[in-house]
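Everything numeric here is computed off the predicted structure, so don't read it as measured data.
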Amino acid sequence: MATLPPGFHALSLPIIQLSLAAVLKCGQSFRWNAYPLKITSPDASLPTHEYRFCLRDRVVCLRQTPTDILYRTVLPDPQPNMTERKLREAETLLWLKDYFQLDVDLALLYEQWGSRDKVFLRIRDRFTGIRMLRQDPWENLISFICSSNNNISRITKMVQSLAKEYSLPLLSIPLPDGSGVEETYYPFPPPSVLAKPGVSTRLRSLGFGYRAEFIHRTAKMLVDTHGTSTRPSQTSEPSELFLHTLRGMATEDARAELLKFVGVGRKVADCVLLMSLDKTDVVPVDTHVHQIAIKHYGMKGSTKGKTSMTPKLYEELCTKFVKVWGDHAGWAHSVLFTSDLKAFALHGLTEPQFTSPSPQKDRKRRIPDEDEMPSLLPTPPRTPFAYNPSPAEHVKKRARMRRTPE
DNA sequence: AGTCGACCTATA
DNA sequence: ATAGGTCGAC
């Protein structure tokens, strides 16, 4: 590290402990912005991106080198004096350590997961530095209410528009690419704001769909139960504090509390438990995780015909993964999940690049074969269950779809 | 107690 | 047709 960019401080941290690029865009938090930096020379020791996140009272900017996290605090005007700024910078450092849970030795966890699980061994070197964030429970809860029947890119748009619609702009600063264009940042709105009348109608018109009512009603439940104190503008509301207290509860009790909210089923509750309530062993099971379990961990089910996610099956999958990975099973799950996301992304990126005729005669949108889907590259062992003896129904449906080319 | 259809919307 | 599901009614 020769010189630090203006305003930045360095926190020594091997990239193996944290990969910002992987962690901030893998569907844990939906409110980080990533900006490419203009590259003058292809130097691997220089950051390629800047990442920004808007907290209640400041914007945190991050860059990463192989050996350090570079961080910078941006405060709204008027700019405080030097001693005050030092204080804020110290707060940001504390926030970083808490948010990224830097007390947890990720290299050690990877080693343990690898020794317990051969499947994990195959991917660990290609997906390093993927750790669980320690998010704010309120924001996390609302974000994952948005996640039902939804994909990451739309969830991201929804959460961002929620902040923009219901929070005042905190500050504006230029993009880091030197273009001079300014971007405005909005904090995540507190429960009292989303509990106000008319919110669900507005959210619907913003494209939240049936989740609009869930969000409004959940916010209302919280403020009706815990009240909304006259807050001196920059502190947490009672509802938010309540959600924080779930961290001190046993997993089952905390889960029971979360399940009381509308739009919160087992899957969403488990996401919140894992991502903001310190329940490191909780594995949120979705269709994707189910597929991974079938393909690589010998769980029953077919990789094609859709098996419905019954509560019983959900429990079975949970227990299975906890048995495989141990007390940080939820963390390990996140690594697997991210590697699988990457596998999908690769298909989107590499396929159109075949300029020369590929050996497979380019059918448009051909379905990837079983073996190329998983990110677990080096020949995944074909489990007895991975083969689906009767794909007939699926094939038939596809054939019919093709017949309407208009 | 399990199972089933509806639900907003965008995209492979 | 499905995306990291949940709700309400059998």
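Between A/Arg217 and A/Thr287, the residue anchored closer to the 5' end of DNA chain C is A/Thr287, taking for each the nucleotide with the nearest heavy atom. Heavy-atom nearest nucleotides on DNA chain C were determined for A/Leu259 and for A/Phe144, and the one closer to the 5' end corresponds to A/Phe144. Toward the 5' end of DNA chain B, the nearer of the two residues A/Asn149 and A/Ser153, judged by each one's closest nucleotide, is A/Asn149.
Nucleic acid contact class of A/Arg266 (heavy atoms, under 4.0 Å, all strands): sugar-phosphate only. Residue contacts shown for A/Gly263 are limited to sugar-phosphate atoms, with no base heavy atom under 4.0 Å away. Using a 4.0 Å heavy-atom cutoff across all strands shown, A/Cys146 reaches no nucleic acid atom at all. A/Val262 comes within 4.0 angstrom of the backbone, heavy atoms only, and of no base. Residue contacts shown for A/Phe261 are limited to sugar-phosphate atoms, with no base heavy atom under 4.0 Å away. Within the nucleic acid shown, A/Val264 comes within 4.0 Å of sugar-phosphate atoms alone, with no base atom in reach, counting heavy atoms only.
Between the C1' atom of C/dA3 and the NE2 atom of A/His290 lies a distance of 17 Å, rounded to the nearest Å. For the pair A/Phe337 CZ and C/dG4 P, the computed distance is 6 Å after rounding to whole Å. If you measure from atom CG of A/Leu313 to atom C1' of B/dG2, you get 13 Å, rounded to the nearest angstrom. Rounded to a whole Å, the CE atom of A/Met221 is 14 Å from the C1' atom of C/dT6. Nucleotide B/dT9 holds its P atom 11 Å from the CD atom of A/Glu213, rounded to whole Å. Distance A/Asp270 CG to C/dG4 C1': 12 Å, rounded to the nearest Å. In this entry the distance linking CD1 of A/Ile145 with P of B/dC8 reads 16 Å, nearest Å. The interatomic distance linking A/Tyr210 (OH) with B/dG5 (C1') rounds to 13 Å, in whole Å.
Between A/Glu183 and A/Arg52, none of the side-chain N atoms (NZ, or NE/NH1/NH2) sits under 4.0 Å from a carboxylate O, so this pair counts as no salt bridge. Salt-bridge annotation for A/Arg124 and A/Glu111: absent, with no side-chain N of the basic residue lying under 4.0 Å from a carboxylate O of the acidic one. For the pair A/Lys220 and A/Glu213, the salt-bridge criterion is not met [side-chain N within less than 4.0 Å of a carboxylate O]. With respect to A/Arg134 and A/Asp98, a salt bridge is recorded, a charged nitrogen being found less than 4.0 Å from a carboxylate O. In this structure, A/Arg255 does not pair ionically with A/Glu257, as no charged nitrogen and carboxylate oxygen lie closer than 4.0 Å. Using a 4.0 Å cut-off between charged nitrogen and carboxylate oxygen, A/Glu91 and A/Arg88 count as a salt-bridge pair.
Pair assignment for C/dA1 gives B/dT11, based on Watson-Crick or G-U wobble hydrogen-bonding distances that are each under 3.5 Å. Under the Watson-Crick or G-U wobble criterion, with both distances below 3.5 Å, C/dC10 is paired with B/dG2.
A distance of about 23 Å separates the P atoms of C/dG4 and B/dG5, rounded to the whole Å. Comparing C/dA3 with B/dT3, their C1' atoms sit 22 Å apart, to the nearest whole Å. Rounded to whole Å, the P atom of C/dA9 lies 15 Å from the corresponding atom of B/dC8. Separation of the P atoms belonging to C/dG5 and B/dA1 is 26 Å when rounded to the nearest angstrom.
Here the nucleotide nearest the side chain of A/Arg204, chosen from B/dT11, B/dC7, C/dG4, is B/dC7. For A/Val268, whose side chain is taken as the heavy atoms from C-beta onward, the closest listed nucleotide among C/dG4, C/dT6, B/dC8 is C/dT6. With distances taken from any side-chain atom of A/Ser148 to the nucleotides C/dG5, C/dC7, C/dG4, the minimum falls on C/dG5. With distances taken from any side-chain atom of A/Lys157 to the nucleotides B/dT9, C/dG4, B/dT11, the minimum falls on B/dT11. When distances run from any side-chain atom of A/Thr310 to the nucleotides B/dT3, C/dT6, C/dG4, the shortest one goes to B/dT3.
A/Ser236 and A/Arg56 are linked by a side-chain donor-acceptor pair at a separation below 3.5 angstrom, with hydrogens and angles left out of the test.
A donor N or O paired with an acceptor N or O is found under 3.5 Å between the base of C/dG4 and the side-chain atoms of A/Lys267. Put simply, the side chain of A/Tyr314 and the base of C/dG5 share no donor and acceptor less than 3.5 Å apart.
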